[in-house]
Amino acid sequence: MKQLSIIFIALLIVSCDFLTSKKKDKPFNEELLNVSDSISQLMSKYHYNPKELKKDDYLVLEKKVKNLAKRVKTKEEFITGFNELWKDGPFSHVSLSFSERKANEMAEFVDTLRVGNQSVSLQWVDKTAILTVNTMMGVDTKERVFEAYREISSNGAKSLIIDLRNNKGGTFAGVPLVSHVLTDSIDVGIFVSRKWWKNNTREPKLKDVENLKSWQGWSLKTFWNDIQEKPLTRVQFTPMYPHFNGHVYVLTSNKSASAAEFAIDALAHEEKVTIIGQTTAGEMLSQKMYDLPYGFQLSLPIAEYYSTRIGRIESKGVKPDISIDQSVAMDLAISLANEVKLDDAIKKAQLKIDTIDELPLGKDEIYLFGNMNDWGKKWNITPRFDHISKGIYEAKTTLKKGTYEFKIAPMNWDFDFGANPNQEKAFLGEKISLSKLKGSKNLTLEIENDTKLKFSLDVSNEKSATLYIVKD
């Protein structure tokens, strides 16, 4: 009997603990349900076209968010789950995050943001300038584009390659990128707010904005205010000097998105521009941030964009003039700049595609990222790994005396080669096994003197990658 009493008491304690846990969870999940309701209310109040919120795909997703709020245990889980759901949402530019600053301060923050010199790089192949722009965000990105065109002009470039394959958008850096190429002013598109859809069911046309002044400026705060206040906002580009008059090749991928698509479409108005690569992401809306309860912040689209050339870009993307895998778009552009016939250039590029497909990492180009190059921000000293033999990739660099942290990854960081648990230290002349995992730990390397190094990555064994570092 005594034993039965003890068992009963133990069960009662466990049961009480379980009930207490459930009670603790309930207020937390009620908070998240409150957040999900607030998201729906903000969507209803500020979304560029409320009619889209009545469609089944949105209503189904709205229910999934509520179910997510009921079951997750942490705020982090809710943010991750929400953003995963919206990856395949009915429209783009919806995301959830923790609030780092008030929503009304975000525009001013973005207007003064400097992102670092990894945003723009200018390289040369003979008289062909290769201008790589990795983001449209940042005051300094805009400044570097201006500087690049001055250098392009002073060096007498005959052809220009603009690489936007890894550009996911931003703000206004696309304006000088486009304007230095233009020969005349052009109407490129129209931003459309909910005020248009309140009184119209048809898509806007150029004639609808012919009597409007084109929007001008560099302030995101002003832009957000203006596009919400007006049914339609006219977008017109005018030439900037120095003017580049040679042939222009614009490289695209399915990751080129948002403000990058805006720039690609604007450049396509020029006859001398050839777009090479893949159809862009089709994520061309303008978003704004709004505060939510309990420290969350929501980004949602407040305006959509219609190109005067191809219409709505959202969900469709911008198609290239020459469709080819983005991994060989640069090779094809350089061949064309060197006056190789198109058919011959495509055959050459296709041969490279066939070769790349046989590589262990396929089309992914990988780089040595670390504090020696500010994790890729110092692009001119961020070495790329070249495929040397079956499964072996090599990169070379010179490091000064010091301690370094690093990883090996593609530009988009879809995965990275880093340290296995308790194996963070790498040594010269010793092989170290690596973990291929997004978000793996950093490797470390101590260098006693200024040294030229060769990094050899062996991925011939799919289950175990190794790294071997030696003096070059």
Just wondering, are more than 12 heavy atoms of other shown residues or ligands nearer than 6.0 Å to NZ in Lys272?
-> yes

Could you pull out all residues at least two apart from Tyr305 that satisfy ring pair (Phe, Tyr, Trp, His ring centres under 6.0 Å)?
-> Phe191, Phe262

Let me know which of Arg101, Met106, Glu100 forms a side-chain contact (heavy atoms from CB on, under 4.5 Å) with Gln297.
-> Met106

Would you mind reporting whether Arg144 and Glu147 have side-chain heavy atoms less than 4.5 Å apart?
-> yes

What do the steps show when you test Glu84 against Lys87 for salt bridge (charged side-chain N to carboxylate O under 4.0 Å, His left out), and what is the final call?
-> CA-CA 5 Å; Glu84 282 295 321; Lys87 273 185 181 180; 3.0 Å; yes

Taking the six-membered ring for Trp, are Trp215 and Phe223 parallel (under 30°), tilted (30 to 60°) or perpendicular (over 60°)?
-> perpendicular

Verdict with supporting geometry, Arg309 and Asp265, salt bridge (charged side-chain N to carboxylate O under 4.0 Å, His left out) = CA-CA 8 Å; Arg309 189 178 69 92; Asp265 175 68; 3.0 Å; yes

Rounded to the nearest 0.5 Å, what separation is found between the CD1 atom of Ile264 and the OG atom of Ser307?
-> 12.0 Å

Backbone of Trp375 reached by a side-chain donor or acceptor of Asn373 within 3.5 Å = yes

Donor-acceptor side-chain pairing of Lys288 and Gln228 below 3.5 angstrom | yes

Hey, does Leu160 have a side-chain heavy atom less than 4.5 Å from the side chain of Ile152?
-> yes

Thr233 versus Asp226, closest heavy-atom pair with distance | OG1-O, 4.2 Å

Count the heavy atoms belonging to other residues, nucleotides or ligands that lie under 6.0 Å from NZ of Lys407, then report whether that count exceeds 12.
-> yes

Does a donor on one side chain and an acceptor on the other come within less than 3.5 Å for Tyr367 and Glu365?
-> yes

Look up atom NZ in Lys158 and atom CD in Glu339, then write down how far apart they are to the nearest 0.5 Å.
-> 8.0 Å

Determine whether more than 12 heavy atoms belonging to other residues, nucleotides or ligands lie under 6.0 Å from atom NZ of Lys452.
-> no

Are any of the side-chain nitrogens in Glu203 or Arg312 under 4.0 Å away from the carboxylate oxygens of its partner?
-> no

Regarding Asp458 and Ser460, is there a side-chain donor-to-acceptor distance under 3.5 Å anywhere?
-> yes

Name the orientation class of the two ring planes belonging to Phe417 and Phe415 (parallel below 30°, tilted from 30 to 60°, perpendicular beyond 60°).
-> perpendicular

Please check if any side-chain donor atom of Thr132 sits under 3.5 Å from a side-chain acceptor atom of Gln123, or the reverse.
-> no

Point-to-point distance, once rounded to the nearest 0.5 Å, from CG of Leu164 to CG of Leu177 | 6.0 Å

Picking from Leu351, Ile353, Ile346, what satisfies side-chain contact (heavy atoms from CB on, under 4.5 Å) with Val328?
-> Ile353

For residues Tyr468 and Phe455, establish whether the separation of their ring centroids is below 6.0 Å.
-> no

Are side-chain heavy atoms of Pro242 and Arg150 found at a separation under 4.5 Å?
-> yes

Cut-off 3.5 Å, side chains only: do Thr141 and Ser119 have a donor facing an acceptor?
-> yes

Steps toward ring-ring contact (aromatic ring centres under 6.0 Å, His included) verdict (His387, Tyr393) | CA-CA 4 Å; His387 187 256; Tyr393 292 79; 4.9 Å; yes

Tell me, yes or no, whether the heavy-atom count around Asp343 atom CG, taken from other residues, nucleotides or ligands under 6.0 Å, exceeds 12.
-> no

For residues Val250 and Thr274, determine if any side-chain heavy atom of one lies less than 4.5 Å from a side-chain heavy atom of the other.
-> no

With no hydrogens and no angle check, is any side-chain donor or acceptor of Asn167 less than 3.5 Å from a backbone partner on Gly169?
-> yes

Yes or no on ring-ring contact (aromatic ring centres under 6.0 Å, His included) for His180 and Phe146, after CA distance, side-chain angles and deciding distance?
-> CA-CA 9 Å; His180 282 284; Phe146 280 123; 5.8 Å; yes

Given side chains that start at C-beta, do those of Ser335 and Lys348 come closer than 4.5 Å, heavy atoms only?
-> yes

For the side chain of Glu314 and the backbone of Met284, is there at least one donor-acceptor N/O pair under 3.5 Å apart?
-> yes

Step-by-step side-chain hydrogen bond (donor to acceptor under 3.5 Å, both in side chains) determination, Thr183 to Glu270 = CA-CA 8 Å; Thr183 53; Glu270 282 285 316; 3.3 Å; yes

Are Asp354 and Lys352 ion-paired here, with the side-chain N under 4.0 Å from a carboxylate O?
-> no

Worked check of side-chain hydrogen bond (donor to acceptor under 3.5 Å, both in side chains) between Gln326 and Thr252 | CA-CA 7 Å; Gln326 62 87 23; Thr252 64; over 6 Å; no

Step by step, work out the side-chain contact (heavy atoms from CB on, under 4.5 Å) result for Ile334 and Ile130.
-> CA-CA 9 Å; Ile334 291 172; Ile130 301 174; 4.3 Å; yes

Are any of the side-chain heavy atoms of Asp184 and Thr238 separated by less than 4.5 Å?
-> no

Verdict with supporting geometry, His93 and Phe91, ring-ring contact (aromatic ring centres under 6.0 Å, His included) = CA-CA 7 Å; His93 288 71; Phe91 43 84; 10.0 Å; no

Give the C-alpha distance, both sets of side-chain angles, the deciding distance and a yes or no for side-chain contact (heavy atoms from CB on, under 4.5 Å) between Asp416 and Phe369.
-> CA-CA 10 Å; Asp416 55 73; Phe369 293 113; over 6 Å; no

Do Thr171 and Trp218 pass the side-chain contact (heavy atoms from CB on, under 4.5 Å) test, and can you show the C-alpha distance, the side-chain angles, and the key distance before you say yes or no?
-> CA-CA 9 Å; Thr171 54; Trp218 301 102; over 6 Å; no

Donor-acceptor pair between Ser185 and Gln236 side chains, under 3.5 angstrom | no

Quick check, are the ring centers of Tyr149 and Phe244 under 6.0 angstrom apart?
-> no

Within a radius of less than 6.0 Å around CD of Glu271, do more than 12 heavy atoms belonging to other residues, nucleotides or ligands occur?
-> no

Basic-acidic side-chain contact under 4.0 Å: Asp163, Arg165 | yes

Does the distance from a Lys or Arg side-chain N to an Asp or Glu carboxylate O, for Lys396 and Asp386, drop under 4.0 Å?
-> no

Should the ring pair Tyr58 and Trp86 be called parallel, tilted or perpendicular, given that the plane angle runs from 0 to 90° and is split at 30 and 60?
-> tilted

With the threshold set at 4.0 Å, does a side-chain nitrogen-carboxylate oxygen contact exist between Lys400 and Asp450?
-> no

Within a radius of less than 6.0 Å around NZ of Lys316, do more than 12 heavy atoms belonging to other residues, nucleotides or ligands occur?
-> yes

Step by step, work out the side-chain contact (heavy atoms from CB on, under 4.5 Å) result for Val181 and Leu267.
-> CA-CA 8 Å; Val181 170; Leu267 285 162; 4.1 Å; yes

Short N-O contact, Glu143 and Arg114, less than 4.0 angstrom = yes

Is the shortest distance from a Lys or Arg side-chain nitrogen in Arg234 or Asp187 to a carboxylate oxygen in the other one below 4.0 Å?
-> yes

